[in-house]
2 protein chains.
Amino acid sequence: MEVRVPTPSRTSLEEIVTAGRTVLRAGGLDALTMQRVGDLVGVRASSLYKHVPSRAGLVRLVVEDVFADLGARLDAAATTGDPATDLRALGRVLREFAHEDRYGFDLLFSPLSQEASPDSGSFAAASAPILRVAEAIAGPDDALPAARTLTAWAAGFLRMELVGDFHLGGDVGEAFDFGIRALVAGIRDVRAVPRE
Amino acid sequence: MEVRVPTPSRTSLEEIVTAGRTVLRAGGLDALTMQRVGDLVGVRASSLYKHVPSRAGLVRLVVEDVFADLGARLDAAATTGDPATDLRALGRVLREFAHEDRYGFDLLFSPLSQEASPDSGSFAAASAPILRVAEAIAGPDDALPAARTLTAWAAGFLRMELVGDFHLGGDVGEAFDFGIRALVAGIRDVRAVPRE
DNA sequence: ACCTGAACACCGTTCAAGT
DNA sequence: ACCTGAACACCGTTCAAGT
């Protein structure tokens with residue numbers, strides 16, 4: 001009696017995403033080609049389509065991986081209960097992450113095609129610790145805009161730093177610290193400033 | 001006597017950059033291909049190399065054009081002399097610009113190859129009005145970090161808005177206003193917050 | 001059931017040949 | 001002096017053919 005033995009996979013989705021992350025880290029999104037990823041996992045580019053619907057679909061999985069990674073680190077960082085201290089810790093983690101994986105960080109705030117855009121829960125999960133600290137500083141009513149202000153500032157600052165927009169001199173680490181202090185003070189005081 | 005009549009250019013650098021800007025505006029950086037630009041100015045892609053060293057070189061010219069454009073609008077916006085009012089005007093102009101030309105705005109804070117990176121003066125010129133207002137709010141000593149805080153926040157906020165990171169609900173325009181008020185208050189008060 | 005190789009449409013870029 | 005068309009190396013993606 002003859003037995004059909006289907007070829008077992010020579011790779012896996014997990015291995016492919018990990019390879020994608022490795023390639024992204026080293027050379028950015030442009031370097032994340034199907035051929036390069038195929039090389040890394042040991043199959044031809046065309047074989048990747050058995051595991052992933054398209055390059056955009058692979059990018060999506062990689063971005064979600066980056067979000068999950070950052071989220072876990074943020075979660076572990078804000079633990080003292082003192083809002084100002086926790087916020088500074090979150091800022092430090094964000095900055096470390098951005099320096100460690102600039103292309104990955106960049107991707108978190110990049111416009112992507114529909115197909116490559118991460119599940120909306122990815123962003124929400126990663127920003128939960130920031131929302132918690134923002135609520136502690138601004139109160140429940142202003143927690144959301146406060147968190148948005150903090151996240152926007154951090155994302156913009158680190159992006160500018162990595163792109164090299166800070167060439168007017170001055171200490172960049174000091175400017176980062178200045179920003180956090182200004183935000184803590186400002187978010188506490190918002191109601192004191194007239195609305196127009 | 002025979003006279004050599006060299007073929008006159010069928011296009012020009014200016015026309016090419018304008019076409020590049022048009023294509024960028026409509027479809028983003030991925031759509032900015034030599035073929036597409038060639039179509040628009042009426043020559044083959046390979047002929048563009050008589051006017052531009054490479055696609056990266058063309059991208060650079062286009063980015064510098066976007067910076068110049070934004071800088072001119074910012075310059076025209078901060079005119080009342082009242083720092084808080086001027087800052088809100090600058091914020092409004094930035095947000096309008098980002099909505100009007102999301103891909104162009106995005107490019108201002110995108111990591112580009114060396115060859116595609118704009119002249120450092122481009123960024124400095126565009127941010128001059130912000131620096132002026134920051135100095136009026138924070139004083140000369142803190143003008144630079146204050147300007148960086150403001151720019152970083154605006155860049156990050158608008159980027160997140162355009163990418164669609166604000167899906168938790170809430171009014172985005174209100175959050176933008178919240179951010180400006182918080183920053184004005186915070187930058188004025190920075191010295192009041194202990195350094196650690 | 002997975003993998004390969006050929007094929008297709010599309011890139012950027014170079015260059016000999018046309019005018 | 002500028003433009004064209006062919007050519008090359010590289011993409012993403014599809015698919016018949018192999019195992």
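A note on names: the letters A, B, ... follow the listed sequences, proteins ahead of strands, and every chain is numbered from 1. Atoms considered below: every heavy atom in the structure, side chains included; atoms not considered: hydrogens, waters and symmetry mates.
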**OP:** Measure from CG on B:Asp30 to P on D:dC11 and round the result to the nearest Å.
**Re:** 15 Å
Below 3.5 Å between N/O atoms, which protein atoms pair up with nucleotides 5-7 of chain D? Just atom names and distances, please.
{"unit_1": "D:dG5", "atom_1": "OP2", "unit_2": "B:Arg44", "atom_2": "NH1", "d": "3.2"}
{"unit_1": "D:dG5", "atom_1": "O6", "unit_2": "B:Ser46", "atom_2": "OG", "d": "2.9"}

Original post:
Which part of the nucleic acid, if any, lies within reach of A:Thr11 when heavy atoms closer than 4.0 Å are counted: base, sugar-phosphate only, or nothing?
Top reply: sugar-phosphate
Original post:
What pairs of residues pass the salt bridge (Lys or Arg N to Asp or Glu O under 4.0 Å) test when at least one of them lies in residues 11-34 of chain B, not counting sequence neighbours?
Top reply: B:Arg21-B:Asp65, B:Arg21-B:Asp69, B:Arg21-B:Asp101
**OP:** Provide the Watson-Crick or G-U wobble partner of D:dA17, both distances under 3.5 Å; none if there is no partner.
**Re:** none
Original post:
Taking only side-chain nitrogens and oxygens of A:Arg10, does any of them come within less than 4.0 Å of OP1 or OP2 of C:dT4?
Top reply: yes
Subject >> Pair partner, C:dC3 [Watson-Crick or wobble, under 3.5 Å] >> reply: none
Original post:
Between A:Arg55 (CZ) and C:dC10 (P), how many Å, whole number?
Top reply: 18 Å
Subject >> Neighbour count above 12 (heavy atom, 6.0 Å) for B:Arg73 CZ >> reply: yes
Subject >> Distance in angstrom units between A:His51 NE2 and D:dT13 P, rounded >> reply: 16 Å
Subject >> Qualifying side-chain hydrogen bond (donor to acceptor under 3.5 Å, both in side chains) pairs, either residue in residues 151-164 of chain A, two or more places apart >> reply: A:Arg95-A:Glu161, A:His99-A:Glu161, A:Asp106-A:Arg159
Subject >> Length of the CG-P vector between B:Asp39 and D:dC3, whole Å >> reply: 14 Å
Subject >> All pairs passing salt bridge (Lys or Arg N to Asp or Glu O under 4.0 Å) where residues 50-62 of chain A contributes a residue, at least two apart >> reply: A:Arg60-A:Glu64
**OP:** Provide the full list of side-chain hydrogen bond (donor to acceptor under 3.5 Å, both in side chains) pairs with a residue in residues 111-136 of chain B, sequence neighbours left out, each pair given once.
**Re:** B:Ser54-B:Glu115, B:Asp75-B:Arg132
Subject >> For A:Thr22, side chain to side chain donor-acceptor pair (under 3.5 Å) partners two or more places apart >> reply: none
Original post:
Quick one: A:Leu13 CG to C:dC2 C1', roughly how many Å, whole number?
Top reply: 15 Å
Original post:
Roughly how many Å is it from CG in A:Leu32 to C1' in D:dG12, rounded to a whole number?
Top reply: 12 Å
**OP:** Provide the Watson-Crick or G-U wobble partner of C:dA9, both distances under 3.5 Å; none if there is no partner.
**Re:** none
Subject >> Distance in angstrom units between B:Leu48 CG and C:dC11 C1', rounded >> reply: 14 Å
Original post:
For the pair made of OH in B:Tyr49 and P in C:dA16, what is the distance, rounded to whole Å?
Top reply: 17 Å
Subject >> Side-chain donor/acceptor of A:Asp86 to backbone N/O of A:Thr80, under 3.5 Å >> reply: yes
**OP:** Measure from the side chain of B:Lys50, starting at C-beta and using heavy atoms only, and say which of D:dC2, C:dG12, C:dC3 lies closest.
**Re:** D:dC2
